[in-house]
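All ligand and atom numbering here is 1-based and tracks the order in the structure. All values below were derived from every heavy atom in this structure, side-chain atoms included, with hydrogens, water molecules and symmetry-related copies excluded.
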Amino acid sequence: MSMIASNPVASVDAEFWREIPGYSAIAANEFSDPAWQERNCLIRADQVTELLAGLVHDEFVTDLADGLSHSTMSMRVTPYLIALINWESPRGDPIRRQFLPLRSEMTASHPLLRLDSLNEHADEIAGGLVHRYPDRALFLATDRCPVYCRFCTRSYSVGVDTPVVLKDRNAPIADRWRAAIDAIRATPSIVDVVVSGGDCFRLKPDQLLELGGELINIGRLRRIRFASKGLSVLPMKIINDDAWTDALIRLSDLGRSRGIEVSLHTHINHPREVTEFVVAAARRLFSNGVMVRNQSVLLRGVNDDFAAMSSLVKLLSDHHIHPYYTYVCDLVSGVEDMRTTVRRACDLEKCIRGLTAGYNTPTFVVDAPGGGGKRDAHSYEAYDREIGLAVYSAPSVRPGELFLYPDPLHSLSPAMASDWAIADRAREMVQTVLRRAKESL
Ligand SMILES: *Cc1c(COP(=O)(O)O)cnc(C)c1O
Ligand code: SF4
């Protein structure tokens, strides 16, 4: 692995969006207006043609439309993100890769893939309330996000229906929220709640205040985290939507006055996403005492190299966006090309640890398919790199059980990749690695 870091500063030219033909007349105050951004989100392939007249080839748009018709996630991208893509070579662009699927990149999914790969339904104790770890609960408050990521783990629920998935809804409905809050109140072991979805950016300020207030008023919780990708994809909302940001700051202050940490967990994957907008937004949160942490997803062709990951970690640290986790990409349909191996995650972690403060070094984790929860990528009981299969145990979550994470098919030899397609052969390979894991335990 190359140890040469690229230029760590992700600077973009002032008014960089004006290079997009459709935004050439957009003034800074308009572009910085979150309502304008939300109104002008792109949701269809033909809007890309319209906006980028002359900058993008017809084949690209056809490839995109075809990709969308085979995706578990629908398209929703802010103008801000569109303007950050390098349209001179969109195919290799790390931001394009995350949000705009191309049919030509899609390869067959691994046979071990399931739609709800983390098996969240099995751990639901109320609609959209997942209780997997003893002291924590995950509340899926909404099923909408400011943008939709191709690789979303929760593609079974998040976003609008696509030609390949009809979603289980987790809409922000008062009765469902009430039932979830009652279930949290009635479960004394829960002291930590993650409010996610979907994305808290799609909650109105009064919804955010109401939900946060109710959670704080339970009295027993010690930690509440609000999850939002917004800081990365619509940072102008934190800068300029005072009602929303003040609601978050009020909750953070109220929590602190009661001994509860209220934090924001965001999702930034590439150093180029850390623009001056993001820096200004992070600054506002830092100045107002809001703890911000980042959870990245390790994605092939986006951040699976040392240069990108090390710049990301340093930039986030410098702006007090604490690098918390880097997830090995979950098994999600249509994104096999974006997955990387457990080996790659371990190698990257090894190279990155030591570069900066230990508390700013993310833990590289595998969210164990089937519901074992997050496991340190290195902590496998067995890992066969040739078969491409890692086995994890989760003693504090599901004692006695083993969980399998398969490397992507493209990382295997062609013979091995075709073996996985043969059901009997696949079963044998799973048994081989499981046996080795049991021997090591
Ligand atoms: C990720 C997750 C949490 C929070 O886990 P941490 O390791 O504390 O960040 C809680 N519940 C569920 C179901 C999760 O997936
Ligand atoms: S912002 Fe998060 S929840 Fe929403 S689509 Fe992206 S990964 Fe999924």
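Of all atoms in ligand 1, numbered sequentially from 1 with element shown, those under 4.0 Å from a heavy atom of Y324 are 6 (P), 7 (O), 8 (O), 9 (O). Of all the atoms in ligand 1, the ones that sit under 4.0 Å from a non-hydrogen atom of K374 are 1 (C), 2 (C), 3 (C), 4 (C), 5 (O), 7 (O), 14 (C), 15 (O). Taking a cut-off of under 4.0 Å to the non-hydrogen atoms of C145, the atoms of ligand 2 that pass are 1 (S), 3 (S), 4 (Fe), 5 (S). For ligand 2 and M73, the ligand atoms under 4.0 Å from any heavy atom of the residue are 5 (S). If you number the atoms of ligand 1 from 1 as listed, the ones under 4.0 Å from a heavy atom of V130 come out as 13 (C). Atoms of ligand 2 lying under 4.0 Å from at least one heavy atom of K229, given by number and element, are 1 (S).
Scanning the protein for heavy atoms near atom 2 (Fe) of ligand 2, the closest one is H267 ND1, 4.3 Å. Looking from atom 5 (S) of ligand 2 to the surrounding protein, the closest heavy atom is C149 N, 3.4 Å.
In terms of polar-atom proximity, defined here as any N/O pair under 3.5 Å, E120 makes no such contact with ligand 1. Considering backbone and side-chain N/O of Y325, one or more are found under 3.5 Å from N/O of ligand 1. For Q295, no nitrogen or oxygen atom sits less than 3.5 Å from a nitrogen or oxygen atom of ligand 1, counting backbone and side chain alike.
Heavy-atom contacts from other residues, nucleotides or ligands closer than 6.0 Å to CG of D175 number 12 or fewer.
Put simply, part of R225 is less than 4.0 Å from ligand 1, judged by heavy atoms.
Taking the six-membered ring for Trp and the full ring otherwise, H265 and Y324 have centroids separated by under 6.0 Å.
Using a 4.0 Å cut-off between a side-chain N of Lys or Arg and a carboxylate O of Asp or Glu, D206 and K204 do not qualify as a salt bridge. Under the 4.0 Å criterion applied to side-chain N and carboxylate O atoms, R150 and E105 are assigned as salt-bridge partners. The pair R339-D407 does not meet the salt-bridge criterion, since no charged nitrogen lies less than 4.0 angstrom from a carboxylate oxygen.
A 4.5 Å side-chain heavy-atom check between F306 and L355 finds at least one atom pair inside the cut-off.
Note on C152: counted as a metal contact of atom 8 (Fe) of ligand 2, an N/O/S atom lying under 2.8 Å.
Counted by atom type alone, Y80 and T275 present one or more donor-acceptor pairs between their side chains at under 3.5 Å. D330 and T153 form a side-chain donor-acceptor contact under 3.5 Å, judged by distance and modelled atom types alone. Checking H267 against N269 by side-chain atom types alone, a donor-acceptor pair falls below 3.5 Å.
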